[in-house]
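Everything on this sheet refers to the single structure shown next.
All residue numbers refer to positions in the sequence shown, counting from 1. Every number for a ligand or one of its atoms is a count from 1 in the order of the listing.
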Amino acid sequence: MSEVNSPGSGGRSKVTVDDYHAAARPLVEPSAWDYIDGGSGDEATLRENLAGYRHYRLRPRVLVDVSRCDMRTTLLGSPVALPIAVAPTAFHGLVTPEAELACARAAGEVGALMVVSTFATTRLEDIARVARGPLWMQLYVFRDRAVSEDLVKRAEAAGYQALVVTVDAPVQARRARDLRNTFALPPGLAPANFAEGPADGSSTELAHRVAGRIDPAFTWDDLAWLGSLTRLPIVLKGILTSEDAARAAELGVAGIVVSNHGGRQLDGAVTALDALPEVVSAVAGRCEVLIDGGVRRGSDAMVALALGARAVLVGRPVLWGMAVSGAEGARDVLSILGAELETAMALCGRPDLASVDASLLRPAPWRTASGIAGDGILPG
Ligand SMILES: Cc1cc2nc3c(=O)[nH]c(=O)nc-3n(C[C@H](O)[C@H](O)[C@H](O)COP(=O)(O)O)c2cc1C
Ligand SMILES: O=C(O)C(=O)c1ccccc1
């Protein structure tokens, strides 16, 4: 039983990821809350990311021995206890003083992979020191290539096992909440991985100052340069089409994260869940395919796995957990998702990840009837 139980309440107060969402809100400074919770444009894609998981119904099989459900897998060769990983999110210091160290400890305790953001508020070496599970380093490629090169070398030296290059943010989207709030990091908080400190806590319009250093001219042709810097496998995060997925696979990337950046970049973009089948089919097993955006239940993760994802990443929920109770809260959020996935697999008669396949799903009836998607929505 978790320590996050409030004493005398007669039970656990937070048993779902949404419970953490509600509990975190009053604990986070309002402009930081908007930065975390918000999206771009009309936030249509942000909403769709959640709604998209309701487009499927489950086809449970029964009389299968589910006395033990095995959620273990590997991600680019690293063993993990569950196919649910921590997405890279900037500035963990906004939600807990232990910042990324809390997150790394939580991921380690549950045996999950953590992807560390370029804009972490803790040095990547310090995160590696407390980590007990695999770490991947998320990379933005900057106009000043020497800054990115330094990050790559340091990540490799510190034992990170892959580079996750984010490709859906050549420019920062307009996020109305942040613009209205003139969102800035509080004094004393800054990205920790740049020697020269690209933004100090007192700067206004932080996102633009920091994101303005990202090189909008970075293209496919530059990936060879990146590959020449490192022996780490390269994962591209933010792919949403079969065309780009095929191109990535041809270039030999090790993985793809199908993602619309949690509805924070291109508003109106397809959901990652909708894009997943075409990406899986285009790469045809040549690289690993992960997905993120809107996973709030273990059963959501199961749907993504059934559509061909090897793992899902979760972003905001981990931040909510940390806002409530640091490492303990993040661990509880990941544990809740793991327990829900395990239960869903058992109730579907799928005792291991290999048995979580497209036969588990059918489109929700309204979705077929409305003609939004009928034939061809499911792979195979
Ligand atoms: C507060 C916040 C900061 C983020 N920072 C980064 C980042 O630095 N690099 C990156 O590639 N993605 C970043 N993302 C996107 C996440 O990696 C992920 O794609 C998204 O949060 C997944 O959606 P979810 O929050 O619904 O799980 C960020 C997301 C949030 C919410
Ligand atoms: O906020 C984000 O989603 C993000 O990816 C980002 C981009 C630049 C600086 C900090 C975070």
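Close contacts of ligand 2 with R264, meaning ligand atoms under 4.0 Å from a residue heavy atom, involve 1 (O), 2 (C), 3 (O). Each of the atoms 1 (C), 3 (C) of ligand 1 lies under 4.0 Å from some heavy atom of Y35. Counting the atoms of ligand 1 from 1 in the order shown, those under 4.0 Å from a heavy atom of S259 are 19 (O). Atoms of ligand 2 lying under 4.0 Å from at least one heavy atom of F91, given by number and element, are 10 (C). Under a 4.0 Å criterion applied to the non-hydrogen atoms of Y140, ligand 1 contributes the atoms 7 (C), 8 (O), 9 (N), 10 (C), 11 (O). Less than 4.0 angstrom separates some heavy atom of A90 from each of these atoms of ligand 2: 10 (C), 11 (C).
Atom-to-atom distance recorded for R264:CZ and N49:CG is 11.5 Å, nearest 0.5 angstrom. From E149, atom CD reaches atom CG of D144 across 10.0 Å, with rounding to the nearest 0.5 Å.
Closest of all the heavy-atom pairs between C103 and V86 is SG-CG1, 3.7 Å. What you find for V141 and V165 is that their closest heavy atoms are CG2-CG1, 4.3 Å. Across all non-hydrogen atoms, the minimal contact from G38 to R316 is O-NH2, 3.0 Å. When all heavy atoms of V110 and S335 are compared, the closest pair comes out as CG1-OG, 3.6 Å. D42 and D267 get closest at one heavy-atom pair: N-OD2, 2.9 Å.
Closest heavy-atom approach to atom 12 (N) of ligand 1 among the candidates K237, H92, R264: K237. When Y140, Y35, F183 are checked for heavy-atom proximity to atom 11 (C) of ligand 2, Y35 turns out nearest. The nearest non-hydrogen atom to atom 23 (O) of ligand 1, considering only G263, G293, G315, comes from G293.
Regarding atom 15 (C) of ligand 1, its nearest protein heavy-atom neighbour is H261 CD2, 3.5 Å. The protein non-hydrogen atom at the shortest distance from atom 19 (O) of ligand 1 is D292 OD2, 2.7 Å. Scanning all protein heavy atoms for the shortest distance to atom 11 (O) of ligand 1 gives T166 OG1, 2.7 Å. For atom 3 (C) of ligand 1, the nearest protein heavy atom (residue, atom name, distance) is A90 N, 3.4 Å. Looking only at heavy atoms of the protein, atom 26 (O) of ligand 1 is closest to R296 NH2, 2.7 Å.
Taking the six-membered ring for Trp and the full ring otherwise, F91 and F183 have centroids separated by 6.0 Å or more.
The shortest N or O to N or O distance between G294 and ligand 1 is under 3.5 Å. Below 3.5 Å of separation, one finds no N or O of I36 facing any N or O of ligand 1. Annotation: Q172 places no N or O atom under 3.5 Å from an N or O atom of ligand 2; distance criterion only. Backbone and side-chain nitrogen or oxygen atoms of S117 are examined, and one is located within less than 3.5 angstrom of a nitrogen or oxygen of ligand 1.
Looking at R177 and E43, a side-chain N of the basic residue comes within less than 4.0 Å of a carboxylate O on the acidic one, giving a salt bridge. Look at E328 and R331 and you find a salt bridge, because one of the NZ, NE, NH1 or NH2 atoms lies within 4.0 Å of a carboxylate O, short of that distance.
Note on ligand 1: T118 sits outside its first shell, no heavy atom being nearer than 4.0 Å.
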Just list the side-chain donor-acceptor pairs under 3.5 Å for residues 217-225, sequence neighbours left out, or say none.
from, atom 1, to, atom 2, distance (Å)
T219, OG1, D221, N, 3.1
D222, OD2, T219, N, 2.8

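When heavy-atom distances to ligand 1 are checked against a 4.0 Å cut-off, Q138 comes that close only through its side chain, counted from C-beta outward. Of all the heavy atoms of F91, none lies under 4.0 Å from any atom of ligand 1, so neither backbone nor side chain is involved. Within the 4.0 Å heavy-atom criterion, the part of R175 lying near ligand 2 is the side chain and not the backbone. Residue contacts with ligand 1, taken as heavy atom pairs separated by less than 4.0 Å, involve P88 via backbone and side-chain atoms alike.
Using cut-offs of 30° and 60° on the angle between ring planes, the pair F119 and Y140 is tilted.
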Subject >> Full working for side-chain hydrogen bond (donor to acceptor under 3.5 Å, both in side chains) between T16 and D18 >> reply: CA-CA 5 Å; T16 68; D18 284 346; 5.4 Å; no
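For A158, the side-chain contact (heavy atoms from CB on, under 4.5 Å) test picks out L124, E125, A128, Y160, with sequence neighbours left out.
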